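Proteins get letters first, then strands, A, B, ... in listed order; numbering begins at 1 in each. Everything numeric here is computed off the predicted structure, so don't read it as measured data.
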Amino acid sequence: MIRAELTRKLESAVGALIESGVLPPAIYPIEITEPRNAQHGDFATNFALTASKSANLPPPKIAEQLSELLKSDTCFDEVTIAGPGFINLKLTEAYLAEKCNEIVDKGESFALTDSDHGLKINIEFVSVNPNGSIHVGHGRGAAYGDTLARVLEAAGNRVSREFYVNDGVNSEQMRLFALSVQAKYLELIGKPYVFPESGYRGEDVDIVAQKLRDIHGDSKAGAGIDFFQPASQDLMIESQKSDLARFGVVFDTWFSEQSLHDAGKVEDALKILEDKGVADREPYCDEIQLDPNTKERKVVRVPTEPGALWLRSTRFGDDKDRVIIRQDGRPTYIASDIAYHKDKFERGFDHLIDVWGADHHGYIGRTAAAIEAMGFDRSRFEALIIQIVRFLKGGEVQRMQKRTGESIPLRDLMDDVGVDVARWFYLMRSHETHMDFDLDLAKEHSEQNPVFYVQYAHARICSLLAKAKEQGFEPERLSETKFEQPERELIKTICDLRFEIHRAAESRQVHRLTTYAVELARQYHDFYEKCRVISPEEPIRTRARLTICEATRTALRATFSLLGVSAPERM
RNA sequence: GCCCCCGUAGCUCAGCGGAUAGAGCAACUGCCUUCUAAGCAGUGGGCCACAGGUUCGAGUCCUGUCGGGGGCGCCA
């Protein structure tokens, strides 16, 4: 909120300089930065340096003119020129006090932006096949997608969270899973069974089979795949839903892949592609190859077996053409994906975000190509890749293989370290970097997790405000106050939340908010040590500092709710 | 071979093209008769992988090299 106001003030000052002929008319980028050294002031701008070239004036000259204008603004205590042409800005106490009051008045919503002008965004994430539990490898995408959705909402967009269920009846994986469940079920009721070759091992199959027996007794002894496939799928989806809900992730839509086939939407989409001439059954595949000598990219035509329907995605920037319908007539996953994205656009979303695991990065090109081939603007589609998390147990990398049952369920992690620690851990690092998660260390040191550091600041404030109330002190509006440095820094950081949310939303880097939260907590702890809050002999100061505490608590709560972690009042 | 990600303190990692590169953990030294010590203050620890380039200015952008991780099916 402060930064936005400062930007406006600078813009109008620059406008005035252009008006008076000091600066030639041009588009000048305005940037507000924070000096590393607090002695330089509260904020700074490098405007004189960046504008120097296009204005054809030396930076100090511009800085001088601009600072003269800014000095007339009552919100600045000091405007100084430093170094090669930075303008350092120091805010008045009254201005900071007013900002702090605003936050206490508005409550947690102070950081939110109205959604009137935002986009309607669909964000699809997790989308784990219904043949196993959500495991710790999926946790990152779940935490990331959910928090990104919250952050985008806070930044003023309308966001719909979607889980795409790969429930196609032709899915080989689902068929094998169902056969495994069937075998396990027959074993449980003491009937002869054959466990499918390379079938699914692991507790998911056991649990599902057990549940089916609990529900149906042995009445399904003679049932076939037609029963076991949908039945085990439904149970698995319910289990995924409840694990995710416990993790704080609730979807608006669970979208069934099969529903696209049933409604004929896959056929429709393919017909459109054929009509547009971007899909055909000619027996060739175009590929882009790199000439080893000239380093030039060229299209190479490779003959193929006839019969398949090809998407000519190479024309839209993909590496090679892709099969949509196999020789045997069965559609590939690309077919339903095309229909699915078309359906999302037709549901009225301005922007589509797909959150995918790193193993899917190769699909960005073909999906974007397919979307463009369908006639949609590819810039409205965005695939975000979450890098791999490696889990270490006893110093060894844990494999996450559903079929062998080697994976660690997310619910086990929640049992071991709790939802707050788990979510925080996933969210504290950029989604595009690799992470190693040592499970032994996480259990041992879970009380040293940064999330506790931040939550502790919140609990401290709650306790302090309660104690003050007992003694008859409540926060009230700040008026003329002399701030000490820790108070100043704290208020500025609180006011930064709105800005941080927008930056996180625009860059999709939601981990910035965990960094922000740690910084806010650090400053509160610093303030707590240096500025005694409750002192009965100084009632005015006591109330003022309580107001700062209240504003801090507000900012912490707002941040916690974006990250999906709890705000404990006691620790 | 091609594609994606990473390389910053002993470890795990933050770091918006700006001023003296940070945090947590680990190590060491202090601080509870006053608001929660899950805290605070301090010490040690860095050729920001390397080499070029762009820029008034590069840990940050571009190119290349080296090293690490992952991915490249008419599987989903």
Could you give me the CA-CA distance, side-chain angles and deciding distance for A:Tyr144 and A:Tyr426, then say whether side chain to side chain contact (heavy atoms under 4.5 Å, CB included) is met? CA-CA 7 Å; A:Tyr144 175 77; A:Tyr426 284 121; over 6 Å; no
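- Nearest to the side chain of A:Val533, among B:rC35, B:rA14, B:rA38, sits B:rC35.
- A:Cys531 comes within 4.0 angstrom of a nucleotide base, judged by non-hydrogen atoms across all strands.
- When the side-chain nitrogen and oxygen atoms of A:Arg570 are compared with OP1 and OP2 of B:rA38, none of them lie within a distance under 4.0 Å.
- The side chain of A:Glu529 sits closest to B:rC40 out of B:rA19, B:rC40, B:rC74.
- In this structure, A:Glu529 pairs ionically with A:Arg460, as a charged nitrogen and a carboxylate oxygen lie closer than 4.0 Å.
- Remark: A:Lys344 engages A:Glu124 in a salt bridge, criterion side-chain N to carboxylate O under 4.0 Å.
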Please report the C-alpha distance between A:Gln509 and A:Ser430 in whole Å, then the side-chain angles of each, then the deciding distance to 0.1 Å, and finally whether the side-chain hydrogen bond (donor to acceptor under 3.5 Å, both in side chains) criterion is met. CA-CA 6 Å; A:Gln509 299 281 6; A:Ser430 164; 3.1 Å; yes
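- In this structure, A:Tyr453 reaches the B:rC40 phosphate: one of its side-chain N or O atoms is under 4.0 Å from OP1 or OP2.
- The base of B:rC16 lies close enough to the side chain of A:Arg503 for a donor and an acceptor atom to sit less than 3.5 Å apart.
- Dashed line: the shortest gap from a side-chain N or O of A:Arg512 to OP1 or OP2 of B:rC16 is under 4.0 Å.
- Taking the P atom of each, B:rC62 and B:rG17 are spaced 11 Å apart, rounded to whole Å.
- In this structure, B:rC32 shows a glycosidic angle within 90 degrees of zero, which is the syn conformation.
- A:Asp321 places a side-chain N or O within donor-acceptor distance of the main-chain N or O of A:Asp286, the cut-off being under 3.5 Å.
- For B:rA14, neither phosphate oxygen OP1 nor OP2 lies less than 4.0 angstrom from any side-chain nitrogen or oxygen of A:Thr515.
- One finds no side-chain N or O of A:His525 lying less than 4.0 angstrom from the OP1 or OP2 phosphate oxygen of B:rA37.
- Residue contacts shown for A:Asn46 include a base, since a base heavy atom lies under 4.0 Å away.
- If you check every strand for non-hydrogen atoms under 4.0 Å, A:Ala44 touches a base.
- Heavy atoms of A:Ser463 sit under 4.0 angstrom from at least one base atom.
- Atom CH2 of A:Trp356 is separated from atom P of B:rG70 by 22 Å (rounded to the nearest Å).
- Counting to the nearest Å, the P atom of B:rG39 and the NE2 atom of A:His458 are 17 Å from each other.
- Atoms CE (A:Met435) and C1' (B:rG70) sit 15 Å apart, rounded to a whole Å.
- A straight line from CD1 of A:Ile386 to P of B:rC5 spans 13 Å, rounded to a whole angstrom.
- Going from atom CD of A:Glu432 over to atom P of B:rG7 covers 10 Å, rounded to whole Å.
- Classification of the A:Phe255-A:Tyr340 ring pair by plane angle, with boundaries at 30° and 60°, yields tilted.
- When heavy atoms are screened at a 4.0 angstrom cut-off, A:Glu519 is found touching no nucleic acid atom at all.
- Residue-level contact check: A:Arg545 touches neither bases nor backbone, having no heavy atom under 4.0 Å from any strand.
- Distances shown here put every side-chain N or O of A:Arg390 at or beyond 4.0 Å from the OP1 or OP2 atom of B:rG70.
- A:Leu384 has its CG atom 14 Å from the C1' atom of B:rC5, to the nearest Å.
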